[in-house]
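Both ligands and their constituent atoms are indexed starting at 1 by order of listing. Nothing fancy with the numbering, it's 1 onward along the sequence.
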Amino acid sequence: MPSKTREQAAHDVACVLPDRAHDLARLQILIDDSEPVVTVVGKYNHGKSSLLNELLGRDAFAVSDRRETVRLSDSVHQGVCWLDAPGLDADVGSGDDFEALRAAWLKSDIRLFVHAAKEGELDAKELLLLTELDADRVRTGRQTLFVLSQVDQLADDAALQKIGDAIDRQMPGIALNAVSSMRHRKGLDGGKKLLLEKSGMPALQAALHAELARVPDARARETALLFGEIRDELQQLRAARQTSLDLLRKTQQQQKQDFDRSLAAVIDKVSGDIDAMLNALGTDHAIVPDTAKDAYAITAGKLERAHIQIAYSRACIEIDAMLAGHGVIGLPTEQHTAAKSLNSVMIAVMGVSVKFRKDLHRMFCEATGRERMQREFTHYYELSADRKALAAQIADMEAAIAASDNAAAALRTLETRA
Ligand SMILES: Nc1nc2c(ncn2[C@@H]2O[C@H](COP(=O)(O)OP(=O)(O)O)[C@@H](O)[C@H]2O)c(=O)[nH]1
Ligand SMILES: [Mg+2]
């Protein structure tokens, strides 16, 4: 598959599972299936670069007493890619070193953990890394060979024994692979077989070759493992998202049903009240205008208007309380006017005009009037902040599920072409 398509597919999966970005990068390397990669890890100046040069049989990597290896450098030799990584104690917080370490970690099939003999036992940082590497071996099958380097710097075999014992107490059962790059080089240059043997390098080389032979199997296993883990995680996430969506939709439906019912009930109730009030009235005095001499007098017209107005207010208050209970409080912002007191759903639906008998009758006692209230309050209900937020949540969840499906398809693309 073109690497562009593959990158896009890996990206689609990582969008949904950002924590898997590293695994996906590793999978792409595994799919590439290039030469097995051997990486050195360990602290700086412990002889990592020298060791690689001896294993390769040529000076491919820079050896120095100073901090040398910052960038990752590689050399392909006899079907193996050798990677020289910066020292563990490199300033991992800063760009190059960190990138190089990350790349080394990502690419390597086999790690050579190098520890200089003269340093004695492992320090906390080395122990931690070795433990992590071991956990990674258990998970992905990638191997780490421990290498006790620069053993020529020890006084005698007793000193070597002592350090070996100390390290064994720290990492029980660990194979030491004691080597000296210096002896190996001298042995080669001088044609001294015994020195070559004593360098420990042939034994390490044999151990390494055995591990290299296992790389194809290990890679197949790791590929299957990573695909399996990611597939499972995608499925679980998809299922969890579907459950959330179902729940949100159910809530949305339930809320709407409750609202419809409450609204119908309150309209029934206030319509009944208004109907009873209107039926109990006698002659309509409200439309008889008051004259100037009635300014301070109580007239039948004023009483009638007050009576009607109070009944109407009561009905409005009951509806308003029901609406507030369902989160219908203000108007949607795009409907706001400069007069703040008018920005309410009650006013938008009921208007501000003074109501007379025929108005109340039309609004509350005729089917069309009640249907209009039901329809318009429902309209504002759906525009209320909570309802809109819920609708937005549902839309987000639907998008998340679509992304999950997209990721699952992308993973299958990666898997079938792997
Ligand atoms: N005596 C001795 N010195 C070594 C050996 N291997 C490396 N060195 C020296 O240790 C220093 C650091 O080596 P290098 O390979 O650059 O270490 P790195 O920083 O871990 O890559 C250099 O001066 C090397 O010459 C060895 O086996 N014996
Ligand atoms: Mg180096």
Side-chain angles (χ1 to χ4, degrees), residues 37-77 80-92 94-105 107-108 110-123 125-130 133 144-157 159-160 163-164 167 175-190 192-205 207-208:
V37 178
V38 179
T39 317
V40 285
V41 283
K43 296 173 79 169
Y44 120 88
N45 230 3
H46 278 223
K48 297 185 297 300
S49 304
S50 310
L51 176 72
L52 284 182
N53 288 339
E54 295 316 305
L55 289 171
L56 263 84
R58 62 176 185 202
D59 289 330
F61 301 105
V63 170
S64 161
D65 288 335
R66 289 171 294 111
R67 272 171 74 139
E68 197 61 51
T69 316
V70 173
R71 289 172 182 287
L72 198 62
S73 53
D74 64 349
S75 174
V76 178
H77 185 65
V80 176
C81 176
W82 306 85
L83 277 186
D84 194 7
L88 234 199
D89 36 7
D91 184 4
V92 288
S94 78
D96 277 357
D97 285 358
F98 180 75
E99 282 308 312
L101 279 175
R102 214 175 65 98
W105 186 277
K107 289 179 183 168
S108 61
I110 297 170
R111 288 85 169 225
L112 298 175
F113 188 100
V114 181
H115 172 78
K118 63 173 186 300
E119 298 295 326
E121 57 177 22
L122 305 167
D123 72 13
K125 210 167 171 179
E126 289 177 304
L127 259 179
L128 182 69
L129 181 62
L130 260 180
L133 288 168
T144 300
L145 291 178
F146 182 83
V147 179
L148 188 67
S149 63
Q150 308 179 349
V151 290
D152 58 274
Q153 291 186 326
L154 298 177
D156 48 26
D157 284 353
L160 178 61
I163 290 167
I167 292 175
L176 282 186
N177 295 304
V179 301
S180 162
S181 298
M182 196 197 70
R183 280 180 190 154
H184 185 252
R185 181 59 61 101
K186 278 191 179 164
L188 273 184
D189 291 349
K192 295 172 186 160
K193 246 191 122 190
L194 204 69
L195 201 57
L196 216 74
E197 215 51 55
K198 249 201 120 190
S199 74
M201 214 58 81
L204 175 62
Q205 249 149 357
L208 192 53

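For ligand 1, one of its N or O atoms has an N or O atom of Gly47 under 3.5 Å away. Where the criterion is an N or O separation shorter than 3.5 Å, residue side chain and backbone included, Val179 fails it with respect to ligand 1. In terms of N/O distances under 3.5 Å, ligand 1 is approached by Ser49.
Assignment of Lys43 to the shell around ligand 1 is supported, since a heavy atom sits closer than 4.0 Å. Under the 4.0 angstrom criterion for non-hydrogen atoms, Ser180 is in contact with ligand 1.
Here the closest heavy-atom approach between residue Phe61 and residue Trp82 is recorded as CZ-O, 3.5 Å. Taking both residues in full, the closest heavy atoms of Ala175 and Phe146 are given as O-CB, 3.5 Å, listed atom of the first, atom of the second, then distance. Minimum heavy-atom separation, Val151 to Ala178: CG1-CB, 3.8 Å. Contact between Thr39 and Ala85 at its shortest, heavy atoms only, is CG2-CB, 4.2 Å. Contact record, Glu126 with His46: OE2-CE1, 3.8 Å, taken as the closest heavy-atom pair.
At a heavy-atom distance under 4.0 Å, only side-chain atoms of Asp152, from C-beta outward, approach ligand 1. Only the side chain of Gln153 comes within 4.0 Å of ligand 1, judged by heavy-atom distances.
The contact set between ligand 1 and Lys48, taken as ligand atoms under 4.0 Å from a residue heavy atom, comprises 15 (O), 17 (O), 18 (P), 19 (O), 20 (O), 21 (O). Set against the non-hydrogen atoms of Tyr44, the atoms of ligand 1 under 4.0 Å away are 19 (O).
Remark: side-chain polar atoms of Lys48 are paired, donor with acceptor, to backbone N or O of Lys43 under 3.5 angstrom. The backbone N or O of Leu56 lies less than 3.5 Å from a partner atom in the side chain of His77, making a donor-acceptor pair. A donor-acceptor pair under 3.5 Å is formed between the side chain of Ser180 and the backbone N or O of Arg183.
The residue among Ala116, Ser181, Gly200 with a heavy atom at the shortest distance from atom 27 (O) of ligand 1 is Ser181.
The Mg ion (ligand 2) has an N, O or S atom of Ser49 under 2.8 Å away, backbone or side chain.
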